[in-house]
Amino acid sequence: SLAHAIIILSTKDCISVFILFNKKHTGYTVNQFVVICRVAESVKYLYDGYSVDAAGLACGFGSTKTYIEAFKAIYNITPKQFILNEKTKT
């Protein structure tokens, strides 16, 4: 993932993650990037059959409401709608 690549680069070359991950270059703040990574990680849990609550908690969201809001901001659907859409594809 991009987050992993940034951390490896910063460790290998002794460059701050915050210098590598600059909003001017990416369009995202560090916090926004972290939320995007957490939501992307949660999709793996949803595919593995975790409930919406469990997927959000497993990825560090403090509440289901916060998780659903973050998910919807990125994917334009709720995690439950995402699961239902995936089930109809198979």
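Along the sequence shown, the residues carry numbers beginning at 1. Just the heavy atoms: all of them, side chains too, but no hydrogens, waters or symmetry mates, feed the values below.
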Any idea how Y45 and Y50 line up, ring-wise: parallel (<30°), tilted (30 to 60°), or perpendicular (>60°)?
perpendicular
Rounded at 0.5 Å granularity, tell me how far CD1 in I83 sits from CD1 in I77.
9.5 Å
Validation row: F61, I68 side chains within 4.5 angstrom (heavy atoms)
no
SB check E41 R38 (cutoff 4.0 Å)
no
Taking atom CD1 of I74 and atom NZ of K72, what is their separation to the nearest 0.5 Å?
13.5 Å
At their closest point, which heavy atom of F82 faces which heavy atom of L46, and how far apart are they?
CD2-CD1, 4.1 Å
Let me check something: do L57 and V39 share a hydrophobic cluster, defined by ILVMFWY side-chain heavy atoms less than 4.5 Å apart, either directly or through other members?
no
Nearest-0.5 Å distance that lies between atom NZ in K44 and atom CG in D48:
10.0 Å
Nearest-0.5 Å distance that lies between atom CD in E69 and atom OG1 in T64
11.0 Å
Geometric class of the Y75/F71 ring pair [parallel <30°, tilted 30-60°, perpendicular >60°]:
tilted
Which pair of non-hydrogen atoms, one from S63 and one from T66, has the smallest distance, and what is that distance?
OG-OG1, 2.8 Å
Minimum heavy-atom separation for V35 and A70, please, with both atom names.
CG1-CB, 3.8 Å
In the single-linkage hydrophobic clustering (I, L, V, M, F, W, Y; side-chain heavy atoms under 4.5 Å), do Y47 and L84 co-cluster?
no
